[in-house]
J.: 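One structure follows; several queries about it will come next.
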2 protein chains.
Amino acid sequence: MKSDRGSTPAGPIDLWLIEDNPRYRKTIAGLMEHTGGIHCSQAMATCEEAIRLAESESPPQVILLDIGLPGMNGIQGIEVFKSLLPTTHIIILTIYDDNNKVLEAICAGASGYLLKDSPPEKIIESIQEVMAGGAPMNMQIAAKVLEMFREHYPKKSDYGLTEREKEILQHLVSGLTKQQIAGKLFLSFHTVNTHIKNIYTKLHVNTRSGAVSKVYKEKLL
Amino acid sequence: MKSDRGSTPAGPIDLWLIEDNPRYRKTIAGLMEHTGGIHCSQAMATCEEAIRLAESESPPQVILLDIGLPGMNGIQGIEVFKSLLPTTHIIILTIYDDNNKVLEAICAGASGYLLKDSPPEKIIESIQEVMAGGAPMNMQIAAKVLEMFREHYPKKSDYGLTEREKEILQHLVSGLTKQQIAGKLFLSFHTVNTHIKNIYTKLHVNTRSGAVSKVYKEKLL
DNA sequence: CACAAAATACCACGATCATGCGATTGTTTT
DNA sequence: AAAACAATCGCATGATCGTGGTATTTTGTG
């Protein structure tokens, strides 16, 4: 159940390691050599080196990538690798655990996010997991991701808008003027005016922008 | 490093199990009894029973919760427990792995999401992990969450707005008028007017609502 | 230094908005 | 039948907006 869905069915998993600290790089590379099923074919200190190599060497299946690198940082690196080596999985291995870095890395296309204090077995396990379609993360990171996730899916509040009001609010959101809305709904200008008036009252705002903002912030409609 | 941050420092972790299948319930309950550090003090078939018990018994530290339950389903259950037992961690243990269920459960406040085909050790591990501030998930689920995450954070487009323009756009978004913005930034009304004019040109809109909509739709700022 | 870009400021005018009223017609609930 | 709500339409007025200009100062880059 673990190694039966990689793009290369046979042989060890081909791994690249990008890490500027020589000592840590050697530690990890050494670790891989003593592990069955994974082969660290390249280890370098910068993304630039890796990009150069990507043009001659065959693409690895997994890249272990640091974020705090000289020159191009890991986040930027992800984006380059994503277009250069679209089949390669990228696992971030870093000391940074702040929300922004995690967010950026994930959005850039990282398949996993580990902290450097992870035990070696966790790292090995994560490489296998990512090959099996998983998304290995430190437990702190996972909790962070869920938390961020929750924030961006606030339960939609209800201001008691009627259907007609919602309809008009929608047109307001798309930037139409009162007259344009009236035209589109075959209503009098005055009716639209009244509806908007009522919408403002219900939403506790007094400008179009305020209403539109509220729609997005509170996931109305 | 695993059991040193629960709200109850001493003794085994107090667990409740809510699962309507009697056989599976017994399997899990039995598993816990043979495991050090966890005590399954209650096992029931429905959320309603658990809610009734929550009024007399002391709150558990963790609830293992199924989704497909008779009566109140697990998702609704989460919301009730979240307000009734705010300190209790909830781990979903279910057969459903579709995006919607996962999303709903997480947004409702689940701390973890496991599939029923998880090996018993994984379940034990997850209970300990959630007590240590983690968010245990099946690897498929984790991958799903990251994927959904990425979708809802589209790369922000760039219209070449200057810092000042972004600042003013932000105030526009919050519903302020030109004069209010001028006051807040200690600028002349005319300056704000000019900036907004330029913002409109750069965003290719010609109303406040259009601009605000664009900000949210394309994740500007 | 020179040149470009950004930020600042001003004016005027027609279009549009927000908001105060009041009113009629239906539908649903009680 | 009464009350409550939704949707429709009307008017007037002062505030605000969008857009066409022009112009000075500050800042950054070659």
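Here is how names work: the chains are called A, B, and so on, in the same order as the sequence lines, proteins then strands, and each is numbered from 1. In this text, all values refer to a predicted model and were calculated from it rather than measured experimentally.
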J.: Figure out the CG/P separation between L176(B) and dC17(D), and round it to whole Å.
T.: 10 Å
J.: Are the side chain of N21(A) and the backbone N or O of Y24(A) linked by a donor-acceptor pair below 3.5 Å?
T.: yes
J.: Looking only at N and O atoms, is any donor in the side chain of N193(B) or the base of dT19(D) less than 3.5 Å from an acceptor on the other one?
T.: yes
J.: Please determine whether a side-chain nitrogen or oxygen atom of T177(A) lies at a distance below 4.0 Å from atom OP1 or OP2 of dA15(C).
T.: no
J.: Between dG20(D), dC9(D), dA7(C), which nucleotide has the shortest distance from any of its atoms to the side chain of K197(B)?
T.: dG20(D)
J.: Can you see which heavy atom on K116(B) is nearest to which on I95(B), and at what distance?
T.: CD-CG2, 3.9 Å
J.: In whole angstrom, give the distance that lies between atom CD of E163(A) and atom P of dC5(D).
T.: 18 Å
J.: Looking across every strand, which nucleic acid part, if any, lies under 4.0 Å from N198(B) by heavy atom: base, sugar-phosphate, or nothing?
T.: nothing
J.: So, are E49(A) and R52(A) salt-bridged, with charged N and O less than 4.0 Å apart?
T.: no
J.: Below 4.0 angstrom from OP1 or OP2 of dG18(D), is there any side-chain N or O of Y200(B)?
T.: yes
J.: Using a 4.0 Å heavy-atom cut-off across all strands, classify T162(B) as base, sugar-phosphate, or nothing.
T.: sugar-phosphate
J.: Are K144(A) and E147(A) close enough for a salt bridge, meaning some N to O gap below 4.0 Å?
T.: no
J.: Once you round it to whole Å, what is the distance between P of dA15(C) and CD of Q180(A)?
T.: 14 Å
J.: Set out, in order, the CA-CA distance, both residues' side-chain angles and the distance that settles side chain to side chain contact (heavy atoms under 4.5 Å, CB included) for I106(A) and R150(B), then state yes or no.
T.: CA-CA 7 Å; I106(A) 289 173; R150(B) 229 168 271 143; 4.2 Å; yes
J.: Can you confirm whether V215(B) sits close enough to L220(B) that some side-chain heavy atom of one is under 4.5 Å from a side-chain heavy atom of the other?
T.: yes
J.: Looking only at the side chain of R208(B) (C-beta and beyond, no hydrogens), which of the listed nucleotides dA7(D), dG10(D), dG18(D) gets closest?
T.: dG18(D)
J.: Taking the side chain of N206(B) as heavy atoms from C-beta outward, which of dG10(D), dA9(C), dT19(D) is closest to it?
T.: dT19(D)
J.: Less than 3.5 Å between a donor and an acceptor, one on the side chain of K178(A) and one on the base of dA15(C), is that the case here?
T.: no
J.: Tell me the interatomic distance from H190(B), atom NE2, to dG18(D), atom P, rounded to whole angstroms.
T.: 16 Å
J.: What integer distance in Å separates F186(B):CZ from dT8(C):P?
T.: 13 Å
J.: I need the CG-C1' distance between L187(A) and dT25(C), as an integer number of Å.
T.: 15 Å
J.: Distance check needed: dT16(C) P versus I196(A) CD1, whole Å only.
T.: 13 Å
J.: For dA15(D), does OP1 or OP2 lie under 4.0 Å from any side-chain N or O of Q179(B)?
T.: no
J.: Side chain of T191(A) only, please: which of dA18(C), dT8(D), dT8(C) is the nearest?
T.: dT8(D)
J.: Could you tell me how far apart K166(A) (NZ) and dA7(D) (P) are, to the nearest whole angstrom?
T.: 10 Å
J.: Quiz question: going by heavy-atom distance under 3.5 Å, is there a donor-acceptor pair between the base of dA9(C) and the side chain of T194(B)?
T.: yes
J.: Mind checking F189(B) for me? I need base, sugar-phosphate or nothing, with any heavy atom below 4.0 Å counting as a touch.
T.: nothing
J.: Look at H195(A) and dT8(D) and indicate whether a side-chain polar atom (N or O) is within less than 4.0 Å of OP1 or OP2.
T.: yes
